[in-house]
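Worksheet for the structure shown next.
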Amino acid sequence: MTFDLIVNVAWKEEILDPAGQSTTKVLQQMGYAVDNVRIGKQIRLQVEAQDQDRALEAGREMAKRLLANPVMETYTVQVVEA
Amino acid sequence: MTFDLIVNVAWKEEILDPAGQSTTKVLQQMGYAVDNVRIGKQIRLQVEAQDQDRALEAGREMAKRLLANPVMETYTVQVVEA
Amino acid sequence: MRVGVISFPGSNCDDDTLNALAALGVEGVPLWYQQTELPPVDRLILPGGFSYGDYLRSGALAAQAPIMASVEQAIATQAMPVLGICNGFQILCERGLLPGALRPNVSGEFLCTWETLRVVSVPQGFVGLKTGDLLRMPIAHHEGAFAVEPGFLSTLFDQGQVFLQYSDPDGQVHALTNPNGSVANIAGISQGSVTGLMPHPERAMAQYLGSVDGRRFLKAWLGEEDQ
Amino acid sequence: MTYEEVGLTAEEFTHICDQMGRVPNDLELGLFGVLWSEHCSYKSSKNLLAWLPHDGPAVVQGPGENAGVVQLDDKVHVAFKVESHNHPSYVEPVQGAATGVGGILRDIVAMGARPVALADSLRFGTDDPSQHLQHAVVEGVGAYGNAIGIPTVTGEVGYGAVYDKNPLVNVMAVGLLPAQRKISARGARPGSYLLLVGQPTGRDGIHGASLLASQDFGEGTEHMRPTVQVGDPFMGKLLMEATLAAVETGLLDAVQDLGAAGLTSAIAELVYRSQVGAQVWLDDVPCREPHMTPYEIMLSETQERMLLIVAPHHLEAIEAIMNHWELPHRVIGEVTEEPLLVIGTRDNPRQAVLPPEILAGACPLKPVPANGRDKGRQLVPSMPAFKPLTLEREWGLNVLGAPECKSRAPIYQRYDSMILTNTVWGPDHPLAVLRVKDSTAGLAIAVRGPGRYAALDPYSGGMAAVARVISLLATQGAQPLGLTDGINAGNPDREDVFQDLMALLAGIADASQALGVPVTGGNVSLHNETSGHPIWPTAVIGAVGRHSCPLEPVPDAPMAAGMDILWVGP
Ligand SMILES: Nc1ncnc2c1ncn2[C@@H]1O[C@H](COP(=O)(O)OP(=O)(O)O)[C@@H](O)[C@H]1O
């Protein structure tokens, strides 16, 4: 069976996010009352697996091995319900 | 009041995502049964607003004007429940 | 002396690196990322470039390449000297063969400039370099801000793993001499026989190109005293 | 489908029907639409470009190929050309600029040359959005050039409110090839295969050439925005290496890159130049999206694709090279003896049947009056009387604060200017000096495009553009080998714009003739005009020269206080 997964990857809190910082600034200049913009990744993919648990399991493994860098990033994995 | 927003930005389906393509290939080489990896952004930010509706409204406006490029990208905006 | 230079798809400083080795009279052996076994070589260089277009994170996709398992093994079993330049440095960090990671530059932009580098601790095997030496070499990268996990920085310094820092022409290291937002101005580090740096020694091989310090650097890595 | 929908005029449509002896079907009409567009046919500018001198002792290949080629010495030839990507860069600046760089690099590679340098000439407006645009365009130029590993060694930038909605992004590429190498789009022989290499075809940039680049911007053009083409410099690098490796085997008949108007333009040009025909099998074109129509497949401007023409008995060797570089590739058709371009599927093989000499060679050109060149020379505008200025503080601060006076370092530091280790003089100098590893001679490269000058006096402005790059080469004692011209202007159907164009081209032609330097190729971008406001006629001229001692360029600043300054010239 094919499962749609979403892997969200975010900078660890203590890691500086320059792109987020400059986006914060630009949004403030545009007149928005915003703060703490942090720009992470949202990765969507399709995985073949026997069941949802195994799909999630594969997703977590891929996140850990490739999609996120544990030195600076955290991740969450979820299955998109059809 | 302060609201935490999440803006997810994804490539339109017909837009080429070279990063997603290469990531698909490497994950397959690593032995995963995956396909169609698409790499978008997940942007988190804090916004000051009177209520949740206005926070969402501001989020949509920022997404449209800056955070996403409507020529190539689609976006969704949601409020993170405290 | 035979030095293997590993090309990944998207590597683009591989030829420059082979040329630099040739200029030093050293035999360079081009290697392709899909090789699963290393031919007989004495040393390895992972050259600069945009392996896999720098997609996902610089170096992340190349770190999974088939040849990296043999590189890992050669380091573990024979203490193979391995040098990662720019993208090569990123690949080594992503593979966990060097500590830390390389984040996007603080400006969010690609940056190509000449920098002065101060030697902090001389890595194992380098000949003719000493603490406080200054080298002038160019940088050219988008994701070159070195980062470590919180609390780990002092360990790196204590263990003598911090190799190069961005400094001013007099060797002073301070915030204004930090081109990319690297923690503690770090431009290069080492771990055992593995060394990585963001600057490009292969581009500083002649005065008419701006500096000969890259020649000095590579000779030191090769274990030859520069005359 | 009507002729208007594909951007043709009633006269052009009649001309097509006359020549064909029948009314073209929808697919055929669509193909005519793009190939007879301004962007592909040069219908408004071809007669003007004919004034330019094309011959010289160093010229190996003049205009008409993917790039010009000149001789550096007995062993090394230089391929070079400038391209514009103005409209796409306004719509999506990062990708527009990036794909512009990718496109000009593929032109150089299609000549069998290895690119060694890029130079960019940029024009932006003066309003706030223009600043963001500049930031994004520079990002795009760098994103492609840096990643594919070709240094951007020099360039220039200028500003004017006329560029607010029509920024200019012109990029020149320079490549080297061994003197004995001869590959072009001319050599296709009957029986050979059309091998399509690179990115699978998607719905990207359909109508980019015919509509986006060939009509004025305005309120009504919003819906015409094609799907943005995304550049993939990673695949661009693989494609470059694989194509050059394939050329090196000597087994290819011909090479043609895919640019504006995609497969249509590539195949039509190829068979037209080679005086052959072709059968194209649409079912064999690898597609990225399902259910693409023949029209979409033929017009897609998906980037990072190359067409290699290879005889059947050499196919295996060439495919082995593509496999090594992990590039998707597929035979999509065959070269035929009869000069007919036939496009179809296995079920319906003849969905379009077109003679290349009509499709690629018969578009009616805009006539130029017999005395046009003279008129251009005489078009001296009335100048406002010169008001002597007293140097006032206010005035000085104004000048110093103008964007023209800002340091260019924030631009060029975002480009890798040193990769390939040939850059002896990079962008911190007024022109670039490169060593050439296989020669004692080096290259001097300069690019300039005085738009404001040409706005006041297009004839003198055209001359000035040539004179500036040549004098830059002269400061190094470099021998000019050839010029490439990037012409940018407004809507040529407007009388005033066309007058300016005539004067501009007359100026370029007269100056290059007088200085004895041929123009070996270039690019014309018209319709740079929004809601009736055209840009200044802007001729971006790139020059390539032979430097006899590239490792020791002539210093460009006085060596020491007390030296004499010698004024040369009137
Ligand atoms: N768009 C650009 N890309 C690369 N280099 C540029 C660009 N614009 C300017 N430069 C470099 O900066 C130098 C200084 O720019 P400018 O002040 O316009 O030059 P000049 O005074 O020589 O006309 C130029 O000689 C050129 O090498």
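In what follows, chains are A, B, ... by sequence order, proteins preceding strands, each numbered from 1. Note that the structure is a prediction, hence the values are computed from the model and not measured.
Between B:Q29 atom CD and C:Q34 atom CD the span is 6.5 Å, to the nearest 0.5 Å. Expressed to the nearest 0.5 Å, how far CD of C:Q64 lies from OG1 of B:T23 amounts to 11.0 Å.
For the pair B:P18 and C:Y55, the tightest heavy-atom approach, listed with the atom from each and the gap, is CB-OH, 3.5 Å.
The environment of B:K12 atom NZ is dense: over 12 non-hydrogen atoms of other residues, nucleotides or ligands sit within 6.0 angstrom. Within 6.0 Å of CD in C:Q73 there are 12 or fewer heavy atoms belonging to other residues, nucleotides or ligands.
Applying the side chain to side chain contact (heavy atoms under 4.5 Å, CB included) test between C:L56 and each of B:V37, B:V26, B:I39 identifies B:I39 as the sole match.
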